[in-house]
Amino acid sequence: MPPESDMAVAQGGSNNSSDFVRKLYKMLEDPAYSEVVRWGNEGDSFVVLENEKFTKTILPKHFKHSNFASFVRQLNKYDFHKVRQNEENGQSPYGHGAWEFKHPEFRADAKNSLDNIRRKAPAPRKAQAPEENYGSNTQVQAMSESLAATQQQVQALQDSYFEMAHANKVFVDEILHLQKLVKSQTQVHEQLLTYLNKVETDRRHGRSSSNHSNHSTPAAYGTGNLMSDGTEEPSVELRRVRELLNSIQGEHIPEKDLRQMSIQFQQIGASPESAGSSSMMGPPNSASINNQFIHDPMNDMRHMVYPVGQTIGIDPFAAEHLGNIPYNRPLSQNAIGPVNDSAGPTMPSVSPPVGGTQGGSPWGLKKPRILLVEDDKTCSRIGSKFLAQYDCGVEVARDGLEAVNKVNTNPNWFDLIFMDIVMPQLDGVSATAMILDAQPRIPIIAMTSNINQQDLEMYFHWGMRDVLAKPFTKDGMIKKLQKHLPGFLRNPPADAVAETMYQNGAPPGQPPTPGPYVNPGPMSLPIPAASTGVAKFDTTPVQSPATSTSWHSPGQIPQQSPNLAHDQAYLNAGSGQVMSLTPGGTQRPFPGSMMPAMGGPPGSRMAESVSASEGPPEKRQRFTYAQ
Amino acid sequence: MADNHDGGDTSLPDLGDAIDSVTFGQILEMDDSEDDREFSKSIVFGFFEQAEETFEKMDEALKGKNLEELSRLGHFLKGSSATLGLTKVKDSCEKIQRYGKKENEDGSPETDEALCLSRIKDTLKTVKAEYTEAETALKTFFGP
């Protein structure tokens, strides 16, 4: 700082006195400046009257700079203080814009005391300034480091979330495959049993002529009929068994993923600390997990975050951002459907999307296609408008027959069906039964105002997945979509993938309809394997999925019973045959929880009740012939 | 949730107690423009036609003492009136549906067909008046 070092200008006198203070005093002695800077009225302060002139003319002359601010700073260093204007006066006695400075030892009449004016603790002062800078620098640095670390952590969490979702998907695939396998095995068993039965009957037939004596045992129920015309091809069941077994082979994809996953997990376990230090606060394993999962869209996730980092400036969890986050969304649709769907915003599954109407589609890569079956024009128009606004593809059928035709002409086109119950031509329940034959996994939701216990039981009995009470609301409809199409959601709930396991029954633990539907009775109907998970498979007590007792009275069913087409009956017979092993045809020989959970064909439920009580005799007949 | 998005409860018209404003509001919400209200208007006027046709059919079925048909018609109109928020009309339709099924208002069976018919006759009168009230309110709302 030039003023101080300017020792040459210093007058004689005390060496102790500061150069700056002396210069200041000298400046004030010059009467030529009195208009600009002068001693205060009391002589115990000095006043800069005209700031601008002072800065431009006097400062350069005496202090070799023209910076008023640094002059003030200098004053402060010597413990001069600016005199605050008296608030009572409001105005400075020296006029507006005047600067008055004061130091107890700086007086017009006390030049000697100038020596007493010293710099305030100069040494620490000097050090302090850089230190301050240093302090804030490190602070910024530390903050940005911790920010980076947080970002890294969020990223790692994100990655592991997607990995877990992927793993989940693989598991579900595997489970589904196993279920399929079990089903096929069951069919194989049936066929073998039928075959053995036939052999047995043939044997007895050869021995005695009383071939109808077997009719009393249900096991022979079907075969007794078959025997007469089936004997010429004795190995037809065996052939079918072989076909079934063959068809199981070669269609198993998840297994590969599963093996890969297990390898990866082992690798992680082997080197748990290897990458631990790479991320400051991240979970030790995260980095290694990242690298070991080869799935591209997932690893790319790190590039799909906010421009600088996931959390800079924007709260990614705020609902209003979810729709318009500047992500690069993955373009490839390959591999895992539902998991890819979830590759959207950061980790919003924490708070599942509520409205979906706020900015952007609630759906992932694929929008669901909804079939709305409703004879009432007003309802169907409003319903389809609601759905369209929720970004669904919508088609409308005006009665059950049209719905069945639509599904048949384009199987697997629709992802969910809203089904009115009371309709001309073909009622919703019958239509449901027929559609489920062609497309057993599609969720069909009854739309009706008839929601008393008996009605509900019937809907579920015929394979409907849920009930949307009429008059429906947009929210009500959307909730059903979110509940039954979790895989389509861009931000599926955490248990979404797992829930697909239960596609053939009401989702676990939730009553199908809110409100008037209090009695949980029917809930246990479609799926005894209730609540949470796979563990239930072997823990659920054996319970008949459909208590046939409640179906004895046909009067309970206001609608006509579904028309079983011939070929449908044939299809059902596959699994239906099992039932005939036990009297009454209502109990399954294996735990009730298995069938619905493993995608047991609703058709079998249908066949069951047909054989149970209300089916007309000729249908039963057809059913048994269908072997 | 979505109810408060654009149609907002505050901007809901007061259509009197003939129409449930929340239910009707969510249909208004579907309009792309609040100026022409193309969607809701066509829905509502479509409903008018539907309702009037249904009333005619009900009159005929009443003449023919066809309880089953009356029940069916009651159910039919119940659905659309409920969806539009015409609560009173809906309630009356529900009654007609029940009477037609030879039930009392509480769902208990009623063997007296003549009683059912006369109840339907009365209710039909009521529901027509309720419908007219709602129709007037709606037509006023949508303008000519």
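Throughout, protein chains are lettered first and strands after them, A, B, ... in sequence-line order, and every chain is numbered starting at 1.
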- Task: Please flag which part of B:S42 lies under 4.5 Å from any non-hydrogen atom of chain A: side chain, backbone, both or neither.
- Result: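 Both parts, backbone and side chain.
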- Picking from B:L84, B:I43, B:T83, what satisfies side chain to side chain contact (heavy atoms under 4.5 Å, CB included) with A:C379? B:T83
- What distance do B:H75 atom NE2 and A:D375 atom CG have between them, rounded to the nearest 0.5 Å?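 One finds 7.0 Å between NE2 of B:H75 and CG of A:D375.
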- Item | Flag if over 12 foreign heavy atoms under 6.0 Å of NZ, B:K128 |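 Yes.
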- Task: Could you pull out the closest heavy-atom pair between A:F472 and B:Q26, with the gap in Å?
- Result: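 The answer is O-NE2, 3.6 Å.
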- Message: Is it the case that over 12 heavy atoms from other parts of the model lie below 6.0 angstrom from the CZ atom of A:R398?
- Response: no
- Item | Side chain / backbone / both / neither for B:K101 at chain A, heavy atoms under 4.5 Å |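 Neither; nothing under 4.5 Å.
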- What option among A:I382, A:T378, A:D376 has the most heavy-atom pairs under 4.5 Å with chain B?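 Top count of heavy-atom pairs under 4.5 Å with chain B: A:D376.
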- Message: To check you understand the geometry: which heavy-atom pair defines the closest contact between B:M30 and A:K385, and what is its length?
- Response: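 Taking B:M30 first and A:K385 second, the nearest heavy atoms are O-CE, 3.2 Å.
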- At a heavy-atom separation under 4.5 Å, does B:E94 approach chain A through its side chain, its backbone, both, or neither?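 For B:E94, there is no contact with chain A at all, as no heavy atom is under 4.5 Å.
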- Okay, B:D32 and chain A: the region with an atom under 4.5 Å from a heavy atom over there is side chain
- Counting heavy atoms not belonging to B:E68, are there more than 12 under 6.0 Å from its CD?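 No.
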